[in-house]
Enquirer: 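This is the structure I have questions about; it appears just below.
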Amino acid sequence: MADETPFNKLHVEPSVKGDLTGLLEQFNLPPNVIKFIRKNLKVIYVVLALIVIAILSWSAYDAYIQKRINMSSSALTNALKEPAAVRPAALQKVLADYSGMSSARWAKVELAHIDMKNGNFKAAAEKYTDIRREIKQTDPLFGLVSFGTAQAKEAEKDYDRAFDEYTALSKIEGYQPVGLLGMARIHEIKGEQEKALSVYEQYMATFVGDDRNDPEKAFISEKIGRLKAMQ
């Protein structure tokens with residue numbers, strides 16, 4: 001017979017032998033519960049293992065997403081620091097590498113701003129509207145890209161579309177003044193002086209209860225006076 005080792009012992013003392021049944025009974029579980037656990041022990045082990053795997057997988061995924069967020073934010077910051085000549089290419093790289101993330105959206109906003117600055121109004125409008133399709137109306141970015149779209153369409157001389165954009169903008173909280181000013185400006189461009197006057201008066205109504213000496217307020221007040229004099 002081979003020498004006895006801890007790996008081939010033929011006898012285990014009862015005092016050191018694990019007794020699952022006794023352990024369950026120590027928890028004062030009902031007999032039916034103990035019977036169920038004994039019967040489905042393998043299934044229970046599998047379920048517990050799956051739960052542990054799911055928790056570990058979720059933690060790993062969460063860590064991966066957080067790392068991606070940090071990397072994308074850093075990439076966007078670095079892209080914005082690039083000289084004007086190479087900044088568009090750097091922003092395009094952020095857009096390609098981190099598609100679907102907030103940093104990629106902001107990179108696209110910056111690219112639209114660059115298009116506006118360079119007179120590429122159609123390209124800017126397309127970028128702004130693309131971003132708007134990807135976000136909800138409650139997103140803080142929604143008003144910004146809507147304003148960008150309105151400005152791009154006005155610069156393109158697509159006044160009907162610009163007017164619609166400014167009208168929608170005037171209904172977004174925080175953007176009512178710029179929306180109204182845009183609407184009035186389009187009316188003036190189209191020679192609709194009476195309609196422009198009406199909208200300018202709506203704009204002035206947003207200052208009710210506000211005694212600040214706002215230069216814009218004074219400018220529009222003078223404009224209203226001139227329009228009334230033309231009637």
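By convention here, the first residue in the shown sequence is residue 1.
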Enquirer: Can you check whether A184's main-chain N or O pairs, donor with acceptor, with Y203's side chain at less than 3.5 Å?
Expert: no
Enquirer: For N118, check side chain to side chain contact (heavy atoms under 4.5 Å, CB included) against everything at least two apart and list the hits.
Expert: I114, N120
Enquirer: May I ask you to decide if F163's main-chain N or O and T167's side chain share a donor-acceptor pair within less than 3.5 Å?
Expert: yes
Enquirer: With sequence neighbours excluded, what pairs up with D115 under the side-chain hydrogen bond (donor to acceptor under 3.5 Å, both in side chains) test?
Expert: K127
Enquirer: Which residue pairs pass the side-chain hydrogen bond (donor to acceptor under 3.5 Å, both in side chains) test when at least one of the two sits in residues 75-92, sequence neighbours left out?
Expert: none
Enquirer: Scan for side-chain hydrogen bond (donor to acceptor under 3.5 Å, both in side chains) pairs involving residues 138-148, sequence neighbours excluded, and state none if there are none.
Expert: R132-S146
Enquirer: Taking only residues two or more places apart in sequence or in another chain, which ones pass side-chain hydrogen bond (donor to acceptor under 3.5 Å, both in side chains) with K93?
Expert: D97
Enquirer: How would you list, by chain and number, every residue that makes a salt bridge (Lys or Arg N to Asp or Glu O under 4.0 Å) with E126, sequence neighbours excluded?
Expert: none
Enquirer: Using the side chain to side chain contact (heavy atoms under 4.5 Å, CB included) criterion, which residues pair with L80? Sequence neighbours excluded.
Expert: L76, L91, E110
Enquirer: Give the intermediate values and the outcome of side-chain contact (heavy atoms from CB on, under 4.5 Å) for residues R226 and K223.
Expert: CA-CA 5 Å; R226 288 198 300 271; K223 186 179 283 288; 4.0 Å; yes
Enquirer: In the single-linkage hydrophobic clustering (I, L, V, M, F, W, Y; side-chain heavy atoms under 4.5 Å), do V46 and I51 co-cluster?
Expert: no
Enquirer: Just jot down the side-chain hydrogen bond (donor to acceptor under 3.5 Å, both in side chains) partners of R133, sequence neighbours excluded, or say none.
Expert: D130
Enquirer: Could you name each residue pair satisfying ring pair (Phe, Tyr, Trp, His ring centres under 6.0 Å) that touches residues 84-132, not counting sequence neighbours?
Expert: H113-Y128
Enquirer: In sequence, state the C-alpha distance, the side-chain angles, and the governing distance for L181 and I220, and then conclude on side-chain contact (heavy atoms from CB on, under 4.5 Å).
Expert: CA-CA 9 Å; L181 284 177; I220 299 302; 3.6 Å; yes
Enquirer: Sequence neighbours excluded, which residues qualify as side chain to side chain contact (heavy atoms under 4.5 Å, CB included) partners of Q137?
Expert: F142
Enquirer: Which residue pairs satisfy the side-chain hydrogen bond (donor to acceptor under 3.5 Å, both in side chains) criterion with at least one member in residues 148-159, sequence neighbours excluded?
Expert: K153-E156, E154-Y166, E154-R185
Enquirer: Passes side-chain contact (heavy atoms from CB on, under 4.5 Å), I172 versus L169? Steps please.
Expert: CA-CA 5 Å; I172 298 176; L169 197 64; 4.2 Å; yes
Enquirer: Let me check something: any side-chain donor-acceptor pairs from residues 189-201 under 3.5 Å, sequence neighbours excluded? List them with distances.
Expert:
residue : atom : partner : partner atom : Å
K190    : NZ   : D160    : OD1          : 3.0
E192    : OE1  : H187    : ND1          : 2.6
Y200    : OH   : E188    : OE1          : 2.5

